[in-house]
Amino acid sequence: MNNYLKFFASVAIAVSTLTACHKNDHDNGGTAPGPGPTPPPAKETVVLLLNTDGGEDAIGQWISSDTKLSSFSTIYESTGTSLIDPTAVTGTNSETGARAGFYFNPVDGYFYGVLPAYDNIGIDPFVNSTHAFGSVIRFNPNTDEIQHVATIPKLFPFDATTPYSDYLTSPVISPDGKSLLLVAQHGGPVVPSSSGNQDNTIGGVVHLNIDGDSETYGKFTPVYGFHEHGVGLTWQQQLDVVRTQPLLAETSAGQVLFLVTDTSYDHFGGNEVNPSEAISLVPSDIDDWSKPWQMIGAPGSGGIGKPAQNIWYDSHNDELWFAMELSPTDFLEDSVVFKRKGPTGKVESNNIFIPKEYWVTSPQAIFSQAGKTYLFTAGYRSGCPSPFQCRGKILQVGLNNQATIRETFSSYDVSPTAWLLAGGLSSSLSTGYHYLNAVPNMDEKNFRTSLGIAKDNLRDVDNPLEDPLLTKSLDELYSDFDILPSQMDRYDFQNFGRINLFKGSTESGYTLIGSPAIGGLKSEPLTDRFIVSLAITGGTHGAGAIVKHDRFNNTTTSIPLGTSMPIAPAGQAIQLENGTILGGTLKLSHSGLAPQKPDVGVWIKADDAASIVEYELPSTTGRCGSSSQCLIDALYAPKTFVKAATGDIWSAVSYQVFDIGIDFSCFLIGKACTRETMALVKFDAETGKPTGDIHILADSPTLVGNYFTEASIAQNILTYVTPALRNDPVTIGERLWIADVSAEAKPEFNMVMLSPEGGELNTAWSTPFAPTAQKATGHFYFMTLATSAGEEVRVHRMELGDIVTDKPSLMTVISGETKIPSTPLFEGSDGMFYYGTRDGALMQFNPEELIVIQVADLVETGMTSDARGFISELSEGVISGIVVDSSASESEVATRAYMYDLETQIIEFVDVSDRISVSDTFPGLLPITREVAN
């Protein structure tokens, strides 16, 4: 209100008041009328941006902006650490889990480590990775502060099509404290495989700049690819995957990174083998470790078997020591110690004779102390008669290749079904102490698999949702599955006497992995003051913990990982009538406390609330087999939410069916099936909370492949797409569903079959997004990407009659397009439909003239760019969306928002790399309204 209007209003109020008072003077005892109705508060349109792994701690940030994207402010930011995925770091790297953990930086006094996690958890099955990326963190042992250093990006070195991933070992750090090296176990160029796998990759070494004074702090650079050695060679001559802990040492050749590869065998029954190799890498520029590294000398051939996770460099004698378990099914003479003179010398083996009654299995580390060499073994593994016979041991390796048992870890025996394995070991040369993580005999990956089987078996109970399994605490679950808490122990060098430093619990951290890290600054009162280990489960938030033992005050502390705050917002949120905002979350922050429950959900911000709360998506049941009721859990986060004409809020969400019989029955009918189905989930129109109303329209799980799309709606007609069902008359294809959600009970529905084997559109199929309704006519338009003849983009119109009795009328209106759509169709205020493409174009579809044209180029110069997520109209006549840029060597280096003026056809770009995360596979700019402060 301008000053003139304010003055006029004040005069009017004064005149009115005086008139009322004069009237009251003449009216005997009259009462003055009350004030008039309060005008509604003024509102403005702003833009909501979701930063999935944004904020200082990179776990979630909610941001608002003006419609020009010129001014940004943080609405809410989560603090804590990113979540580890326990199944990413166990079950793949031997019985004792992965070699993850920390490494001490003697320059800044921090411990550095990787928190591995799968990429894009829970929003898009076609983008989800089965390989881990994660975050690099650092831990201050003096203050217990945990800091996020960097999120590991997708790196595509050497023109590879598969990014480096699976950073599952602890890092190493340069003596100057400025360079951190990571080993990727997957990705890079394809190499020949013993199995004939055409997608076989073996990873490489990546440099991370941790120099806080550098302009490139936090930059990742691939410096060596393990494929480089074997270019042009057969699979028997390639390097294999490196799963051992990397070892950085000062040698006669300077700083050398020592690594030992795995062994691969002929998968076709032959006698060919690619043996384990010891390799030595050095920087090409000793003053710049981010430049390429190179191998010195030839790979030193080791044995044929599984290498111990820790290797050892004897600086006094300039010797590299490593151990292997040969012939893992034979318990006689199965451990061998190898020695290599310097970084490039010949590898020699000590064939340690171990009597069969010793039952020495699973070598884990080798170390030297006081001129003697020792082999440390974990003990029991699959095939051993009992844990009591196959205990872990420390053996002294004699000069005559004999082994003498110095210590047997009998204290870890508990019962025939539950015991601890002597896991990762670290040795302190300055103190003579050895630190050991003892870990449960069932790793976390197998535990989660067993939980899934237990949920499968709920089909045999009357009401799976009421089964006690679903409400048990983490303590109760571990007890039911005979999983013991980990321990961190100290062993004395003189007599290997044991002192327990930490015994895990669900409150302090339950499952330790890798080896303890040892370190402390020279200024500390004790050498090697701190011992730090990583727990991947338990802890205050169920996200694990950092376990720290302080030798100076003889205390052990648990510092929780994770957070109690909502994290990882993603997808297209919706604003309710009362201003509340509802959105999807890729991971519930507390999901680790209840691993038997769904780990995806929604976040809600009430209009007048400063905080955001999260809710898990409800579970349901459905018929499986002839009579049983199976448990069905939410599998992926909602991509979108839609509002029906009734006022109800809905989302189409992918759910998992817990019925082990699906796999067998699909095998019998010759089809590849998933355990997935699509559920329509209802949310309260006032609060946004899940109401518990879940409707599954399909009567069987889906086939493998194709798309589970988002939902779209027109009035009360909701549409979405799923893969075809196992009982459909096709082996590949999809269903386009049409449901009337106005019904009080289960929605009435119909469907259209699309398949290259035939269907409603003459083999047109592969529908990446739900149909979009035209406002003027109510007709739906959708795109397909292929026909039986191959890739071809087509646009189709769908007209509806009665949902149940009338078959939808379909017509192909556009064919022959080649640009692949990467966003749903969006109808602008000009009546045209717009969509983005995978090659960075903004396209317009005219539903009247039935033509498609490109209206804007979204590609950044020197980059490849792809449009993503959803398009919106921030202000009338200006549509917007998100485009992601990639360079030749690194994927997703920048995120830009575009604003396209429908009238002037002018497009503007704004860099939003720090405000919209590439981890959100359905990003966009959501216009919302909020009250204007007086």
Side-chain angles (χ1 to χ4, degrees), residues 86 89-91 93-102 170 245 308-310 359-365 367 374-382 384 386-395 405-428 433-447 478-479 481-493 496-506 508-518 531-539 544-549 556 558:
V89 291
T90 59
N93 291 29
S94 87
E95 289 87 345
T96 57
R99 282 79 165 175
F102 291 93
S170 61
Q245 291 279 24
Q309 69 173 13
N310 284 10
W359 293 107
V360 173
T361 61
S362 301
Q364 292 297 304
F367 58 92
Y374 297 89
L375 176 66
F376 159 63
T377 69
Y380 182 87
R381 58 164 164 72
S382 177
C384 189
S386 79
F388 308 114
Q389 288 181 275
C390 300
R391 298 179 176 118
K393 297 174 178 66
I394 293 179
L395 302 98
I405 297 177
R406 290 292 308 275
E407 174 66 16
T408 299
F409 301 119
S410 57
S411 59
Y412 300 140
D413 300 340
V414 177
S415 75
T417 58
W419 60 90
L420 293 177
L421 289 163
L425 179 99
S426 297
S427 302
S428 169
Y433 290 134
H434 308 284
Y435 298 93
L436 182 149
N437 286 338
V439 299
N441 62 303
M442 179 186 286
D443 66 29
E444 194 67 19
K445 186 169 185 176
N446 288 326
F447 166 59
Y478 282 141
S479 176
F481 286 89
D482 270 350
I483 300 176
L484 300 175
S486 294
Q487 294 180 193
M488 184 168 71
D489 293 330
R490 189 193 78 188
Y491 284 84
D492 185 87
F493 168 66
F496 291 102
R498 181 181 73 95
I499 295 178
N500 177 250
L501 304 179
F502 171 78
K503 184 173 183 179
S505 68
T506 52
S508 60
Y510 204 86
T511 306
L512 297 174
I513 57 169
S515 304
I518 303 170
I531 294 85
V532 174
S533 278
L534 175 63
I536 58 171
T537 63
I546 294 175
V547 177
K548 178 194 74 175
H549 177 70
T556 300
S558 171

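All values below were derived from every heavy atom in this structure, side-chain atoms included, with hydrogens, water molecules and symmetry-related copies excluded.
Listed by chain and residue number, F409 satisfy the ring-ring contact (aromatic ring centres under 6.0 Å, His included) test with F376 (two or more places apart in sequence, or in another chain). Legend: residues meeting ring-ring contact (aromatic ring centres under 6.0 Å, His included) with F367, ordered by chain and number and at least two apart, are Y374, H434. For I483, the side-chain contact (heavy atoms from CB on, under 4.5 Å) test picks out P440, M442, F447, Y478, F481, Y510, with sequence neighbours left out.
With a 4.5 Å cut-off on side-chain heavy atoms, F502 and L512 count as touching. You'll find the side chain of V439 stays beyond 4.5 Å of the side chain of I513, heavy atoms only. Residues S426 and P516 are in side-chain contact: their nearest non-hydrogen atoms beyond the backbone lie under 4.5 Å apart. Contact annotation: the side chain of S508 never approaches that of V547 to less than 4.5 Å [non-hydrogen atoms, C-beta and beyond].
Nearest approach of G509 to A535, heavy atoms of both residues: CA-CB, 3.9 Å. Taking all atoms of both residues into account, the shortest heavy-atom contact from P86 to E444 is CB-CG, 3.2 Å. Contact detail for S515 and L425: the closest heavy-atom pair is OG-N, 3.4 Å. Residues M488 and N500 come closest through the heavy atom pair O-ND2, 3.6 Å.
The line from OG of S427 to CD1 of I518 is 6.5 Å long, rounded to the nearest 0.5 Å. Summarising the geometry, atom CG belonging to D489 is positioned 11.0 Å from atom NE2 belonging to H549; distances are rounded to the nearest 0.5 Å. Rounding to the nearest 0.5 angstrom, the gap separating the CD atom in E407 from the CG atom in L395 is 10.5 Å. Between atom CZ of residue R490 and atom CG of residue L436 there is a gap of 13.5 Å, rounded to the nearest 0.5 Å.
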Going through the distances and angles, do K548 and F102 end up as a side-chain contact (heavy atoms from CB on, under 4.5 Å)? CA-CA 11 Å; K548 178 194 74 175; F102 291 93; over 6 Å; no
